[in-house]
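This report refers to the structure that appears directly beneath it.
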Protein chains: 2
Amino acid sequence: MTSAIEGQARPIRLADIAKAAGVSHGTASNVFSRPEVVRQEVRERVKAVAEAMGYAGPDPKGRLLRAGKVNAIGVGTTEPLSYFFEDPFARVMMAGISEACDATGAGIALVSAANQEKLAWNIQSALVDGFILFCIEGGSRLVELTRERRLPFVALELGFHDETISAIGVDNIAGGRLAARHLAELGHRRFAVLSLTLGEDRTGFVTPEMVRSAVYTGTRDRLAGYFEELSRFGIDTAKIPVYETENEEKSTRAGLEAIFAKGEPPTAILTMSDRMALIAIEWLTGRGVKVPQDVSIVGFDGVPDGALCTPPLTTIAQPITEIGRRAARMILDHDGTVRRETMGVELIVRASTGPVRKG
Amino acid sequence: MTSAIEGQARPIRLADIAKAAGVSHGTASNVFSRPEVVRQEVRERVKAVAEAMGYAGPDPKGRLLRAGKVNAIGVGTTEPLSYFFEDPFARVMMAGISEACDATGAGIALVSAANQEKLAWNIQSALVDGFILFCIEGGSRLVELTRERRLPFVALELGFHDETISAIGVDNIAGGRLAARHLAELGHRRFAVLSLTLGEDRTGFVTPEMVRSAVYTGTRDRLAGYFEELSRFGIDTAKIPVYETENEEKSTRAGLEAIFAKGEPPTAILTMSDRMALIAIEWLTGRGVKVPQDVSIVGFDGVPDGALCTPPLTTIAQPITEIGRRAARMILDHDGTVRRETMGVELIVRASTGPVRKG
DNA sequence: CATTTTTATTGGATCGATTCAAATTTCCGC
DNA sequence: GCGGAAATTTGAATCGATCCAATAAAAATG
């Protein structure tokens with residue numbers, strides 16, 4: 001058997017099989033990809049030769065180039081890869097994307113990189129038919145890099161003034177209003193806001209001008225929603241402390257400390273993510289502050305974890321899975337048009353909010 | 001500008017740029033992939049032309065074919081894609097894999113399919129340099145399909161007698177023994193086992209012969225570990241009901257019902273996954289049976305959820321993240337050898353086990 | 001200024017398949 | 001046994017890049 005020796009040397013190509021079986025490459029190719037057009041006798045002979053020579057089947061690398069389509073969608077983020085498996089929001093979103101991909105048989109390629117150079121390279125060399133972008137912080141760079149690939153892509157956030165890119169997001173103003181109204185109706189009058197960032201690389205208390213010139217319009221809109229609704233209840237929104245923070249533990253805690261270091265503590269906190277809300281609950285509980293008896297907290301997102309924590313979280317739920325499904329379908333049935341979809345949100349009342357304490 | 005019109009018509013290739021800039025395609029290629037060998041003046045001219053024509057950069061599809069390497073590893077399973085984002089065990093494993101991939105800049109492609117035909121196709125056409133296989137049920141088919149691709153791959157389970165395939169798994173016998181000894185030392189004498197399947201497509205009570213002829217050696221070894229240790233305590237293992245079930249809610253519940261329908265109920269249940277253990281706790285609690293006062297439960301896996309549930313789960317922890325890291329590295333630094341690694345496990349005592357109730 | 005050395009550029013070969021119009025073979029009916 | 005339709009097979013072209021030996025141009029050397 002020479003096959004073993006040759007097999008070691010160099011992978012066998014379709015052309016090798018064709019030659020060995022005495023047929024043209026065209027026929028050899030057909031044996032694998034369109035067997036019905038090949039005469040049975042020939043088909044079996046070629047297959048036997050392939051088997052004997054240890055042929056691994058048509059190499060997708062070659063097929064791909066010819067076909068043009070990869071049949072996979074890339075999901076990009078500037079977070080490390082593990083983000084997709086650890087972050088609750090990302091996981092629910094990915095489940096939605098998975099569903100759409102499963103239905104059409106498309107694959108998923110995860111694209112990410114901590115440092116900027118690798119990110120660029122990873123986006124440039126990803127073998128995909130389109131991208132879905134998780135735009136958290138640093139999103140605009142991700143968008144720019146992806147735009148250069150000239151493949152269809154969808155941003156999972158409407159927080160971009162740029163109307164030329166496809167995006168799916170939620171009605172942030174409505175969400176903000178729902179949250180604020182809920183608390184106001186429970187009698188709360190002293191608020192604080194734990195906000196997501198308004199632009200790149202800054203945390204700390206926010207001034208009204210900063211809000212007006214916000215780069216991330218998603219954050220700005222939620223704030224707008226909060227303020228609009230609270231004004232209706234006669235609350236002076238200018239006095240509400242708004243602390244902008246990253247969506248992680250350290251800076252969220254810093255925000256809480258800053259807020260509670262100020263004069264009169266709030267009886268209700270509006271947070272812009274469930275993650276922050278959960279961190280806040282833990283922080284407060286750890287200091288003996290009771291949620292919701294002393295302080296009510298509303299989250300934003302509606303991740304499953306919110307239902308399981310103690311106390312279960314009142315939150316503004318996004319249709320995360322549905323957003324994922326739609327994003328994937330936008331790429332899979334891409335028709336060249338720019339689409340911007342706004343999804344509705346829903347107030348889910350659980351136990352992290354309650355009536356303001358009398359007296 | 002004709003570029004807009006042409007851009008619509010057909011994607012621009014490197015060759016188009018070369019012609020337009022009046023250089024050879026070799027030089028044009030160098031401008032993008034090895035800019036340092038091209039004279040600055042030429043480089044800038046070519047780049048300007050590329051920009052003007054709306055060139056998206058070298059297409060990875062073409063590059064790939066030449067380079068041979070994809071720089072991505074495929075992770076395969078017979079579960080739907082959402083498994084990767086929803087199952088706690090898979091998620092921790094993926095975090096480990098992600099870590100290794102992040103470190104080398106490799107990408108991750110998720111490969112799965114509910115039905116067998118699509119699975120075959122997805123594996124055959126996945127653009128990856130190697131595979132990591134989640135071998136739960138139906139694993140052997142997955143392994144066979146992957147073997148045909150003749151790419152390096154690692155099975156995440158040693159539960160295959162086949163010594164010719166690389167695999168990473170845990171010391172199942174030791175794990176079984178740790179779990180059993182812990183319970184026996186707490187005074188338990190009446191046991192039941194919720195087992196993973198011993199072969200394909202069967203659930204229900206298991207006889208000793210079935211254990212001996214088990215296809216899935218992982219399951220068999222855990223059982224062996226249980227029995228070995230319990231025998232040392234003078235327990236008649238032949239009388240212990242062993243119910244084999246899928247690792248999901250419905251059949252696990254069926255197992256519990258069958259076990260508690262039998263004569264004397266157990267005071268301790270050995271389960272082969274945390275998932276099952278969690279389901280068991282919920283099932284028991286729902287029927288007013290207290291864990292661990294009435295029944296003690298030990299899991300297997302050591303997923304994070306186990307620490308968060310009520311009561312927190314006593315379990316045999318696998319080094320899941322480390323297994324993931326190693327598996328990824330096996331593919332990334334593949335040297336053609338078959339590797340089989342066995343990792344140690346650890347007993348983590350939490351609150352789902354307690355001393356047997358007196359009387 | 002001729003000659004060697006260094007630096008840039010060229011263009012053909014290659015990666016591994018698929019496609020399709022044209023050529024060939026087989027099959028039928030008469 | 002022949003003409004024409006139907007079924008197979010062929011082989012060149014293509015997909016979009018990279019690589020590399022050969023060549024040309026520029027710079028350094030004597």
Side-chain angles (χ1 to χ4, degrees), chain A residues 9-47 49-50 53-71 121 124-129 149-151, chain B residues 9-47 49-50 53-71 121 124-129 149-151:
Chain A
R10 178 169 57 72
I12 291 113
R13 307 188 318 291
L14 185 54
D16 302 326
I17 303 297
K19 199 191 293 175
V23 297
S24 68
H25 3 264
T27 299
S29 172
N30 285 337
V31 168
F32 292 97
S33 39
R34 301 153 69 205
E36 70 282 1
V37 308
V38 179
R39 196 152 41 100
Q40 178 181 2
E41 184 209 328
V42 176
R43 196 192 319 152
E44 279 165 7
R45 176 157 45 93
V46 173
K47 279 202 167 147
V49 170
M53 294 178 73
Y55 179 55
D59 187 328
K61 292 200 284 290
R63 194 208 322 271
L64 168 63
L65 180 55
R66 189 78 243 258
K69 277 263 162 201
V70 184
N71 199 32
W121 175 254
Q124 281 158 13
S125 63
L127 290 156
V128 298
D129 299 318
R149 273 293 300 266
R150 294 171 199 253
L151 288 175
Chain B
R10 178 170 56 72
I12 292 114
R13 308 189 315 291
L14 186 54
D16 302 327
I17 303 297
K19 198 190 293 176
V23 297
S24 71
H25 54 263
T27 298
S29 172
N30 285 335
V31 167
F32 292 96
S33 40
R34 302 155 68 204
E36 70 281 2
V37 308
V38 180
R39 197 151 41 98
Q40 179 182 0
E41 183 209 328
V42 176
R43 197 193 317 152
E44 279 165 8
R45 176 156 47 94
V46 173
K47 278 202 169 147
V49 170
M53 294 178 73
Y55 181 54
D59 186 329
K61 293 199 285 289
R63 192 206 327 269
L64 168 62
L65 180 55
R66 190 76 242 257
K69 277 264 162 201
V70 183
N71 198 34
W121 174 254
Q124 282 158 12
S125 62
L127 291 156
V128 298
D129 300 318
R149 273 291 302 267
R150 293 170 200 254
L151 288 176

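The nearest heavy atom of DNA chain C to A:Arg13 and to A:Gly26 marks one nucleotide each, and the one closer to the 5' end goes with A:Arg13. Nearest-nucleotide assignment on DNA chain C puts the 5′-proximal partner with A:Phe32, out of A:Arg39 and A:Phe32. Mapping B:Pro60 and A:Gly22 onto DNA chain D by nearest heavy atom places A:Gly22 at the nucleotide closer to the 5' end.
Atom P of nucleotide D:dG16 and atom NZ of A:Lys69 are separated by 14 Å, given to the nearest angstrom. Distance B:Glu41 CD to C:dA8 C1': 12 Å, rounded to the nearest Å. A:Arg149 places its CZ atom 13 Å from the C1' atom of D:dA17, with the value rounded to the nearest Å. Atom CG of B:Leu65 is separated from atom P of D:dT18 by 12 Å (rounded to the nearest Å). For the pair B:Ile12 CD1 and D:dC15 P, the computed distance is 14 Å after rounding to whole Å. The distance between atom CG of B:Asp16 and atom C1' of D:dA17, rounded to the nearest whole Å, is 12 Å. Atom-to-atom, CZ of B:Arg43 to P of C:dA8 comes out at 9 Å; the value is rounded to the nearest Å. Look at CG on B:Leu14: it is 20 Å from P on C:dC15, rounded to the nearest Å.
Counting only heavy atoms from C-beta outward, the side chains of A:Val49 and A:Tyr55 never approach each other to under 4.5 Å. Under the 4.5 Å side-chain criterion, counting only non-hydrogen atoms from C-beta, A:Thr27 is in contact with A:Ser24.
In the set D:dT10, C:dA13, C:dG11, the nucleotide with an atom closest to the side chain of B:Arg66 is C:dA13. With distances taken from any side-chain atom of B:His25 to the nucleotides C:dG12, D:dA17, D:dT9, the minimum falls on C:dG12. Of the candidates D:dT18, C:dA17, D:dC19, D:dC19 carries the atom nearest the B:Arg34 side chain, counting heavy atoms from C-beta on.
Distances shorter than 4.0 Å separate some side-chain N or O of B:Ser24 from OP1 or OP2 on C:dT10. Applying the 4.0 Å criterion to OP1 and OP2 of D:dA17, one finds that B:Ser29 has every side-chain N and O outside that range.
Atom CD of residue A:Gln124 and atom CG of residue B:Asp59 lie 12.0 Å apart, to the nearest 0.5 angstrom.
For B:Pro35 against B:Ser33, the heavy-atom pair with the smallest separation is CD-C, 3.5 Å.
Here A:Tyr55 lies in heavy-atom contact (under 4.0 Å) with sugar-phosphate atoms only.
Judged by distance alone with a 3.5 Å cut-off, no donor-acceptor contact links the side chain of B:Arg63 to the base of D:dT18.
Ion pairing of A:Arg13 with A:Asp16 is present here, as a side-chain N (NZ or NE/NH1/NH2) and a carboxylate O approach within less than 4.0 Å.
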